Amino acid sequence: MKDERLLIRETAVDRVDVDGALAAVRGFLNAPRESGSLRSALIVTPNCEIARSALKDADLRAALDAADLVIPDGAGMYLSSKILGEPLPQRMAGIDLCFEILRLCAAEGRKVFILGGKACAPCFSGWSAGKSVAQLAAQRLAEQIPGLKVCGTRDGYFSDAEEIGVVDQINESGADFLVAGLGSPRQELFLFRNLKDLRCKACMGVGGSLDVWSGCLKRAPEWMTRCGLEWLYRLWQEPRRIRRIASIPGFMAGVLLRR
Ligand code: UDP
């Protein structure tokens with residue numbers, strides 16, 4: 001699939017719709033891993049902010065280029081493909097695709113490990129007391145996806161020295177699919193660095209999705225997502241994102257220039 005990718009400001013993305021992406025993931029989950037010769041498949045979902053960071057960050061670029069499935073996330077990347085005159089088959093959000101992959105895992109009896117988020121979730125009305133964001137996300141996902149097998153969770157705040165232990169924990173859980181919500185570029189770099197050591201069949205960076213699934217953050221209303229305004233809702237909830245979001249018009253102007 002790699003040679004058919006669309007280049008959006010040096011980030012090569014796959015021209016697939018949800019069904020195409022799920023077919024690729026089914027292939028990853030069913031691929032044999034003989035004696036450690038193959039590595040875990042890497043799924044990334046770059047949005048404009050990530051694609052822009054990769055222009056300056058060679059490690060992030062290497063991670064994106066090495067990915068087996070690159071799903072452009074958000075309205076900005078979709079609009080960029082239109083500007084380039086090669087519209088992607090459909091606008092996709094990484095969080096929605098990951099949810100569908102989790103449904104696929106449940107249907108096929110695959111085990112899932114959830115990594116990332118704070119060790120202690122912000123406490124609303126006591127129901128989250130003492131639980132991590134990953135544990136809450138696992139609990140709420142299991143309520144929505146019958147048969148989902150979450151075989152382990154871990155918060156996303158660990159040191160470099162602890163990284164090997166985290167990889168061991170994931171491997172010992174027997175996970176087939178790893179969901180990593182460590183924020184970007186940390187999740188892409190963590191996954192890329194450990195692809196050969198991770199024994200899961202596939203792994204995916206999901207940014208702040210765990211915060212949404214756990215109920216710690218709200219997703220934008222559907223009409224805002226439909227209008228490509230999800231970023232505005234996120235900004236309202238997390239004003240600290242202003243600098244990153246402010247860089248997007250410059251990125252899009254670069255796409256226009258390169259048309
Ligand atoms: N996060 C984490 N470990 C870190 C930094 C961030 O697990 O070292 C988590 C953070 O708690 C949040 C998610 O990563 O759940 C997304 O963080 P952020 O909003 O900074 O990243 P983005 O969504 O922009 O990629």
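All values derive from a computational prediction rather than experimental measurement. Both counts, for ligands and for their atoms, begin at 1 and track the order of listing. These values consider heavy atoms only, across backbone and side chains, with no hydrogens, waters or symmetry-generated copies.
- Among Ser184, Gly181, Gly156, the residue whose heavy atom lies nearest to atom 9 (C) of ligand 1 is Gly181.
- Within the cation-pi definition used here (under 6.0 Å to the ring centroid, within 45° of the axis), Arg186 qualifies as a partner of Phe158.
- Annotation for ligand 1: atoms under 4.0 Å from non-hydrogen atoms of Gly116 are 7 (O).
- Residues Met252 and Cys48 form a side-chain contact, since some pair of their non-hydrogen atoms from C-beta on lies under 4.5 Å apart.
- Counting heavy atoms from C-beta on, the side chains of Leu22 and Ile101 come closer than 4.5 Å.
- Among Asp211, Thr225, Asp96, the one residue that satisfies the side-chain hydrogen bond (donor to acceptor under 3.5 Å, both in side chains) test with Arg219 is Asp96.
- When each atom of ligand 1 is checked for a heavy atom of Gly207 under 4.0 Å away, the hits are 13 (C), 16 (C), 23 (O), 25 (O).
- At least one side-chain heavy atom of Phe28 sits under 4.5 Å from a side-chain heavy atom of Leu69.
- Shortest contact from atom 21 (O) of ligand 1 to any protein heavy atom: Gly183 CA, 3.3 Å.
- Under the 4.5 Å side-chain criterion, counting only non-hydrogen atoms from C-beta, Lys111 is in contact with Lys149.
- Nearest heavy-atom pair across Met77 and Ala51 is CE-CB, 4.1 Å.
- Between Gly117 and ligand 1, an N or O atom pair is found at a separation short of 3.5 Å.
- Annotation: atom 8 (O) of ligand 1 to nearest protein heavy atom, Arg186 NH1, 2.7 Å.
- Distance from atom 18 (P) of ligand 1 to its nearest protein heavy atom, with residue and atom name: Arg240 NH2, 4.0 Å.
- In terms of protein heavy-atom proximity, atom 11 (O) of ligand 1 is nearest to Tyr157 OH, 2.8 Å.
- Contacts of Arg234 with ligand 1, taken as heavy-atom pairs under 4.0 Å, involve the side chain alone.
- Annotation for Leu55 and Arg61: closest pair N-NH2, 3.9 Å, computed over non-hydrogen atoms.
- Remark: minimum distance from atom 5 (C) of ligand 1 to any protein heavy atom is reached at Leu182 O, 3.4 Å.
- If you check which protein heavy atom lies closest to atom 15 (O) of ligand 1, you get Asp211 OD2, 2.6 Å.
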